Amino acid sequence: LTIQMQNQDPLDPMDTSEYTQQLVQYSQVEQSIQQTQTLQQILTAMGSSDLVQASSLLGREVEFDSASSALGDAPAAWTWSSERNVASLTATVKDANGRVVATRELDPASSGLFEWDGTKSNGSAAAPGNYTLELAGADANGTSIDMTVHGIGTVSDVHMTDGTVTLNVNGAEVPASRLLRIGG
């Protein structure tokens with residue numbers, strides 16, 4: 001626009017309505033840039049606020065929407081539930097590569113808690129890390145029952161990862177958006 005004004009032919013000036021229209025477009029672009037900067041500042045402030053709020057979770061037990069839990073200083077732990085009565089229940093713990101490291105028969109119940117201290121099926125100790133629990137439940141007729149599994153653990157750290165509040169729960173990184181329950 002500035003170049004057009006400098007190079008405008010005085011004998012054949014630009015149409016004033018076209019000139020005004022270009023000025024308005026230039027003003028709209030400038031306003032859009034300012035709005036984008038303001039929105040970015042607001043998002044940054046909100047992220048900081050979310051992080052400060054999440055710091056209240058430090059040292060608290062949380063339940064999260066994942067069948068994975070971490071083995072570290074504390075046992076890996078999960079809760080489970082079923083909408084039907086369970087007559088038999090088998091827990092299978094798998095490592096991060098999907099390999100079975102432990103299998104246990106559990107007392108049949110429609111809900112409960114399973115803590116795994118890291119003892120593998122062969123008696124050796126598993127390395128710290130993320131593990132997944134799979135449950136195979138069946139009713140009295142041997143019909144398979146769907147089981148819901150959630151990880152649980154204690155929050156030891158809260159930080160931002162790519163704009164998302166992330167919790168360190170027993171060594172596992174869990175986005176705050178996956179929280180289901182916060183214990184006392």
Side-chain angles (χ1 to χ4, degrees), residues 43-139 142-184:
L43 288 173
T44 299
M46 287 176 67
S48 296
S49 176
D50 290 346
L51 187 61
V52 169
Q53 281 183 312
S55 70
S56 68
L57 298 173
L58 291 170
R60 298 192 61 192
E61 182 181 270
V62 295
E63 180 176 348
F64 48 95
D65 186 19
S66 175
S68 292
S69 189
L71 175 67
D73 294 337
W78 298 268
T79 62
W80 82 82
S81 63
S82 170
E83 293 186 15
R84 295 177 36 212
N85 290 333
V86 179
S88 67
L89 188 60
T90 302
T92 302
V93 179
K94 294 184 177 183
D95 65 14
N97 296 319
R99 291 184 296 247
V100 174
V101 294
T103 302
R104 306 272 191 285
E105 294 297 321
L106 303 179
D107 291 334
S110 57
S111 65
L113 170 70
F114 176 66
E115 291 185 327
W116 180 61
D117 65 0
T119 304
K120 294 181 178 182
S121 293
N122 64 10
S124 65
N130 288 333
Y131 292 87
T132 302
L133 177 66
E134 292 181 2
L135 291 176
D139 63 16
T143 304
S144 179
I145 298 174
D146 289 333
M147 305 294 292
T148 301
V149 178
H150 297 138
I152 61 171
T154 303
V155 177
S156 62
D157 181 42
V158 178
H159 56 276
M160 293 290 277
T161 303
D162 297 326
T164 300
V165 175
T166 304
L167 312 172
N168 184 306
V169 182
N170 290 4
E173 298 294 311
V174 179
S177 61
R178 300 198 71 184
L179 288 181
L180 299 172
R181 183 185 59 82
I182 300 167

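Note that the coordinates shown come from a computational prediction; the quantities given were computed from them, not determined experimentally. We count residues from 1, following the sequence as given. These values consider heavy atoms only, across backbone and side chains, with no hydrogens, waters or symmetry-generated copies.
Taken from OG in S68 to CD in E173, the straight-line distance is 13.0 Å, to the nearest 0.5 Å. Note that CD of E83 is 10.5 Å distant from OG of S110, once rounded to the nearest 0.5 Å. Note that the OG1 atom of T148 and the CH2 atom of W78 stand 16.0 Å from one another [nearest 0.5 Å]. Rounded to the nearest 0.5 angstrom, L180 CG and S66 OG are separated by 10.0 Å. One distance of note links CD1 of I182 with CD of E63; it measures 11.0 Å at 0.5 Å rounding. To the nearest 0.5 Å, atom OG1 of residue T154 and atom CZ of residue R60 are 11.0 Å apart.
At most 12 heavy atoms of other shown residues, nucleotides or ligands fall within 6.0 angstrom of atom CG in D162. Environment of CG in D157: crowded, with over 12 heavy atoms of neighbouring residues, nucleotides or ligands closer than 6.0 Å.
When all heavy atoms of G171 and A70 are compared, the closest pair comes out as C-CB, 4.0 Å. Of all non-hydrogen atoms in A54 and V165, the two that sit nearest each other are CB-CG1, 3.5 Å. Heavy-atom minimum distance, A138 versus I145: C-CD1, 3.5 Å. Heavy atoms only, all atoms of each residue included: L89 and E105 are closest at O-OE1, 3.4 Å. Contact between T119 and A102 at its shortest, heavy atoms only, is O-CB, 3.8 Å. The minimum heavy-atom distance linking S69 with G151 is given by the pair CB-CA, 4.5 Å.
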task: Check step by step if side chain to side chain contact (heavy atoms under 4.5 Å, CB included) holds for L133 and M147.
output: CA-CA 11 Å; L133 177 66; M147 305 294 292; over 6 Å; no

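Between Y131 and W116, the ring planes are perpendicular. Angles over 60° get that label, and only those under 30° would be called parallel.
When side chains are defined from C-beta on, R181 counts as touching E61, because their heavy atoms get closer than 4.5 Å. Put simply, the side chain of V93 reaches to within 4.5 Å of the side chain of F114, judged on heavy atoms. In this structure, V86 and L106 have side chains that are not in contact, with every pair of non-hydrogen atoms separated by 4.5 Å or more.
In this structure, the side chain of T92 does not engage the main chain of T90 through any donor-acceptor pair within 3.5 Å. Remark: side-chain polar atoms of N170 are not paired, donor with acceptor, to backbone N or O of L71 under 3.5 angstrom. S121 places a side-chain N or O within donor-acceptor distance of the main-chain N or O of T103, the cut-off being under 3.5 Å. At distances below 3.5 Å, at least one donor-acceptor pair connects side-chain atoms of R178 with backbone N or O atoms of D65. In this structure, N122 contributes its side chain and S124 its backbone to a donor-acceptor pair below 3.5 Å.
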